[in-house]
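Residue numbers run from 1 in the order of the sequence given.
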Amino acid sequence: MTELVRRLGLWDATMIVAGSMVGSGIFIVSADMARQLGSPGWLLVAWAVTGLLTVMAALSYGELAAMFPRAGGQYVYLREAHGPLFGFLYGWTLFTVIQTGTIAAVAVAFAKFAGVIWPAIAAEAVLLRLGPLAVSTQQALAIGVIWGLTAINMGGVRGGALIQSVFTVAKLGALAALVVLGFWGGSHLGEAFAAPTAWTAVGAAGEVLGPLALAAVLGTAMVGSLFSSDAWNNVTFTAGEVREPQRNVPLSLALGTGLVIGLYLLANVAYLAALTLPEIQQAAQDRVGTAALAAVVGPGAAGAMALAIMASTFGCANGMVLAGGRVYWAMARDGLFFRWVGGLNAHGVPAAALLLQAAWASALTLSGRYGDLLDYVIFAALLFYALTVWGLFRLRRTRPDAARPYRAWGYPWVPALYLGLAGLLMADLLVLKPAYTWPGLGLVLLGVPVYAWWRRGACPAGEGA
């Protein structure tokens with residue numbers, strides 16, 4: 001078998017969008033965001049702006065998805081709009097940090113919450129030592145999840161899609177139940193917004209933030225919400241396996257992002273209903289979801305929430321494992337990745353690409369630095385989201401007569417607004433989080449000499465590792 005087969009429908013595509021977005025972040029990151037912003041009102045604003053950015057980008061991607069309904073998705077859009085170098089830089093960064101780093105981070109989160117139920121699974125519980133490297137039971141479980149999901153997805157796209165649908169429905173149901181319980185049992189929402197300080201942002205040192213300081217802090221606080229809302233573009237990677245892709249991929253982007261962003265906003269309102277702002281800020285190990293559930297149903301919430309988050313992260317990791325290999329497969333077919341990665345197994349799956357992805361994600365997992373991976377991923381992802389949306393303008397100019405079964409809603413104003421907001425956010429992160437964002441940018445730029453080396457034939461087909 002040499003070509004991918006279109007076996008996925010609109011439901012499958014929407015589940016890939018929603019399931020890849022929802023991991024552990026929505027249950028955790030609001031604690032740190034609340035500490036940075038010090039205000040219930042601005043906490044909701046941060047999530048609302050994140051939602052606006054996500055939906056605007058998804059609507060813009062719809063036009064590109066309809067124009068280029070092929071495997072590789074965003075890699076293809078960048079290649080077609082800006083040339084093969086930009087496509088390669090995206091694929092390079094996707095492999096080195098964006099996709100594999102997120103898979104590692106989500107797998108570590110799965111293992112972390114498994115430790116709530118089985119205390120033997122912990123970062124401090126060393127399972128074995130390999131020279132200076134100590135492998136904990138938490139890391140071992142995370143790596144096991146990565147390889148287990150890889151094995152499932154090597155058996156065919158339908159099996160991976162079924163896993164995705166089951167776990168996505170389960171975790172969206174769990175998140176909706178948390179929202180309902182928060183509103184039903186909570187009593188703090190009125191007092192949170194009745195207080196005169198509801199819209200007064202307060203910094204970590206207790207100082208009231210002025211407009212410029214607030215804008216800067218809002219940008220850094222949004223790292224958590226952006227990470228929680230990321231990976232919606234994964235469905236574009238699988239476009240070569242979606243039936244009627246000109247219709248189903250754009251529609252799945254709109255449906256999936258709209259559904260998840262709506263639930264995220266409601267979840268944060270539910271947190272403010274169930275908990276006071278200080279309780280959100282001081283939630284044990286930042287587990288806001290667990291604290292909110294415990295406040296309305298009692299102390300048995302920890303185990304139930306741990307199971308819900310394990311299901312959520314498992315489904316998220318599956319979606320990313322399923323989708324990522326398609327990009328490396330498309331790159332290999334273009335001669336921009338190892339030739340052996342461009343093959344399909346008997347089930348019509350890019351098995352070599354999936355195995356390579358699992359190996360590198362496992363290596364990142366051994367670092368155990370969830371927060372660092374989060375920061376690297378967000379800046380690099382934002383950079384390529386912006387370049388892709390910019391490509392929409394470029395293609396409208398360079399290919400005015402190309403078939404466009406779907407046209408971006410609100411063009412040119414909605415895509416332009418996205419570019420403006422994303423640009424401000426990236427500048428903010430470069431200034432305020434330089435320890436993570438500059439290395440992330442450096443990693444992207446490192447791909448330039450790698451691309452030149454590859455194009456010169458320094459790594460002939462079939463060689464390399």
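- Between the CE atom in M320 and the CD atom in Q164 there is a gap of 10.5 Å [rounded to 0.5 Å].
- Using the six-membered ring where Trp is involved, Y90 and F384 have ring planes that are perpendicular, over 60° apart on the 30 and 60° scheme.
- With ring centers used as reference points, F27 lies 6.0 Å or more from F113.
- In terms of heavy-atom proximity, G23 sits nearest to T313 at C-CG2, 3.9 Å.
- The structure places CD of Q357 at 6.0 Å from CD of Q99, a figure rounded to the nearest 0.5 Å.
- Residues passing the side chain to side chain contact (heavy atoms under 4.5 Å, CB included) test with A46 are M33, L37, L218, M222, sequence neighbours excluded.
- For the atom pair CG (L175) and CG (L259), the distance works out to 9.0 Å, reported to the nearest 0.5 Å.
- Put simply, CG on L419 and OG1 on T388 are 10.0 Å apart, with the number rounded to the nearest 0.5 Å.
- Remark: D230 pairs with no residue by the salt bridge (charged side-chain N to carboxylate O under 4.0 Å, His left out) rule, at least two apart or across chains.
- Looking only at side-chain heavy atoms (C-beta outward), W232 and I16 stay at 4.5 Å or farther from each other.
- Expressed to the nearest 0.5 Å, how far CD1 of I261 lies from OG1 of T50 amounts to 7.0 Å.
- Between D286 and A31, the shortest heavy-atom contact is OD1-CB, 3.6 Å.
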Return a table of donor-acceptor pairs under 3.5 angstrom between the side chains of residues 405-416 and protein atoms on other chains or two or more places apart.
{"residue": "Y406", "atom": "OH", "partner": "L59", "partner atom": "O", "Å": "3.4"}

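- Using a 4.5 Å cut-off on side-chain heavy atoms (C-beta onward), P84 and Y451 make contact.
- Note: Y75 and W92 fail the aromatic proximity criterion, with ring centroids not under 6.0 Å apart.
- You'll find the side chain of W454 reaches within 4.5 Å of the side chain of F337, heavy atoms only.
- Residue L52 holds its CG atom at 6.5 Å from CG of L421, rounded to the nearest 0.5 Å.
- Not counting sequence neighbours, F68 has no partner by the ring pair (Phe, Tyr, Trp, His ring centres under 6.0 Å) test.
- Applying the salt bridge (charged side-chain N to carboxylate O under 4.0 Å, His left out) criterion to R399, with sequence neighbours excluded, gives E80.
- When all heavy atoms of G289 and L178 are compared, the pair lying nearest together is O-CD1, 4.0 Å.
- Applying the side-chain contact (heavy atoms from CB on, under 4.5 Å) test between V116 and each of Q285, R287, M305 identifies R287 as the sole match.
- A side-chain contact (heavy atoms from CB on, under 4.5 Å) with F379 is found for one member of V223, L443, L430 and no other, namely L430.
- Annotation: side chain of F227 is not in contact with side chain of V29 (no heavy-atom distance under 4.5 Å).
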Stepwise side chain to side chain contact (heavy atoms under 4.5 Å, CB included) check, L255 with V17 = CA-CA 9 Å; L255 292 173; V17 176; over 6 Å; no
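- A parallel orientation is assigned to the rings of W360 and F95, their planes being inclined by less than 30° (bins at 30° and 60°).
- Note on ring orientation: taking the six-membered ring where Trp is involved, the planes of Y61 and Y77 are perpendicular (angle over 60°, cut-offs 30° and 60°).
- Applying the salt bridge (charged side-chain N to carboxylate O under 4.0 Å, His left out) definition to pairs two or more places apart or across chains, those involving residues 152-173 are D12-R158.
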